[in-house]
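No hydrogens, no waters, no symmetry mates; every other heavy atom, side chains included, goes into these values. Everything quoted here is computed from the prediction, not taken from an experiment. In what follows, chains are A, B, ... by sequence order, proteins preceding strands, each numbered from 1.
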2 protein chains.
Amino acid sequence: MGYTIGQVAEKTGLSVHTLRYYEKEGLLPFIKKNSAGLRVFSDSDLGWLELIECLKATGLHLKGIKQYIDWYIEGDSTLQQRLDMFKQQKIRVEQQMAELQKHMNKINYKIELYTKAVKEGTLHPEKETA
Amino acid sequence: MGYTIGQVAEKTGLSVHTLRYYEKEGLLPFIKKNSAGLRVFSDSDLGWLELIECLKATGLHLKGIKQYIDWYIEGDSTLQQRLDMFKQQKIRVEQQMAELQKHMNKINYKIELYTKAVKEGTLHPEKETA
DNA sequence: GCTTGACCTAGAGCATACTCTAAGTCTTAA
DNA sequence: TTAAGACTTAGAGTATGCTCTAGGTCAAGC
């Protein structure tokens with residue numbers, strides 16, 4: 001309970017540069033510094049980093065994530081906004097899943113096509129619209 | 001069968017700038033130009049744009065997409081490389097789907113949490129690690 | 001005491017993928 | 001014939017998200 005920036009970088013796979021950058025952008029407003037000015041990350045900070053990753057991976061930009069964090073800091077008056085944001089994000093993820101499934105189908109078709117082609121040594125004229 | 005760049009922009013949702021940029025980057029090497037020097041997109045070109053979108057949306061950069069197209073142009077000697085690329089891409093999509101499901105779970109948890117919070121008018125102290 | 005190594009800040013630099021501008025051509029319709 | 005509108009090229013500019021550098025502090029071990 002109390003990690004250096006290097007330890008957090010190792011744990012999360014983010015670079016120390018990225019972690020400092022996130023802090024500078026206001027995404028990590030809860031990090032403490034010790035008397036020497038070194039950042040001390042708590043387990044809660046690791047939780048925030050996980051949430052940041054979740055929101056980023058589902059299509060929110062850092063700006064949008066900062067908005068959420070600002071709402072969080074503002075307190076109970078922004079509960080509805082935060083709920084709406086997560087609901088919006090859920091819709092996005094559902095769309096992404098549907099998209100991804102379509103892309104998977106296309107890729108599977110290509111794998112079939114090219115598996116045959118490799119066997120036969122040549123690719124038969126293909127309509128690219130398929 | 002024979003579209004202007006503006007028509008393709010409308011059909012695909014890409015801007016005319018982006019279409020020209022893709023061509024400049026070598027992603028659309030099959031586009032013809034008419035006697036006036038205007039691009040004439042075929043249905044096959046639309047098919048290529050769909051494939052480009054599929055590969056881009058599943059995490060391939062334009063450079064990687066160009067690599068595939070170069071292989072395609074090179075012909076049957078690159079069938080194996082192209083098959084391998086699609087197989088690699090399939091693995092990526094599977095990973096993305098799993099990731100997305102994890103993120104969905106987290107978001108659903110947050111929606112539950114915030115739905116309660118909105119009802120009660122306050123957010124109970126939450127472990128961010130949840 | 002001195003070196004090493006991890007940390008610090010401020011700010012510059014970079015990769016990707018657009019996005020736009022300037023200056024010009026061509027077609028079409030009033 | 002002239003003005004509008006869609007197209008052309010070359011190249012500059014922008015947004016996002018890092019990524020790195022310079023110059024410096026500080027603690028631990030030789």
> What about B:Trp48 and B:Tyr72, are their ring centers closer than 6.0 Å?
Replying inline: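 Ring centroids of B:Trp48 and B:Tyr72 are less than 6.0 Å from each other.
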
> How close or far is atom C1' of C:dC8 from atom NE2 of A:His17, stated in whole angstroms?
Replying inline: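 From A:His17 NE2 to C:dC8 C1': 12 Å.
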
>> In this structure, how many angstroms lie between the C1' atom of D:dG11 and the CD atom of B:Glu25, rounded?
In response: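 These atoms are roughly 13 Å apart.
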
> Between B:Asn105 and B:Gln101, does any side-chain donor sit less than 3.5 Å from a side-chain acceptor?
Replying inline: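 Yes - a donor-acceptor pair under 3.5 Å links their side chains.
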
> Without hydrogens or angle criteria, can the side chains of B:Asp84 and B:Gln80 be said to hold a donor-acceptor pair below 3.5 Å?
Replying inline: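 The answer is yes; a qualifying pair exists.
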
What protein N or O atoms touch nucleotides 12-17 of chain D N or O atoms at under 3.5 angstrom, if any, and at what distances?
residue, atom, partner, partner atom, Å
D:dG17, OP1, A:Leu62, N, 3.4
D:dG17, OP2, A:Leu62, N, 3.4

Side-chain contact test, heavy atoms from C-beta onward, threshold under 4.5 Å: evaluate it for [X] versus [Y] and give yes or no.
| X | Y | value |
| --- | --- | --- |
| A:Glu99 | A:Lys102 | yes |
| A:Arg39 | A:Ile5 | yes |
| B:Phe86 | A:Leu113 | no |

> Between A:Thr78 and A:Gln81, is there a donor-acceptor pair closer than 3.5 Å when you use the side chain of the first and the backbone of the second?
Replying inline: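 Side chain of A:Thr78 to backbone of A:Gln81, a donor-acceptor pair under 3.5 Å: no, none is there.
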
>> I'd like to know if the side chain of A:Glu25 reaches the main chain of A:Lys66, judged simply by a donor and an acceptor atom lying under 3.5 Å from each other, with no hydrogens or angles considered.
In response: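 Side chain of A:Glu25 to backbone of A:Lys66, a donor-acceptor pair under 3.5 Å: no, none is there.
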
Protein N or O to nucleotides 4-9 of chain D N or O, pairs below 3.5 Å:
residue, atom, partner, partner atom, Å
D:dC7, OP1, B:Thr4, OG1, 3.0
D:dC7, OP1, B:Gly6, N, 2.8
D:dT8, OP1, B:Arg39, N, 2.8
D:dT8, OP1, B:Arg39, NH1, 2.8
D:dT8, OP2, B:Arg20, NE, 3.1
D:dT8, OP2, B:Arg20, NH2, 3.1
D:dT8, OP2, B:Arg39, NH1, 3.1
D:dT8, O5', B:Arg39, NH1, 3.4
D:dT9, OP1, B:Lys33, NZ, 2.4
D:dT9, OP2, B:Arg39, NH1, 3.1
D:dT9, OP2, B:Arg39, NH2, 2.6

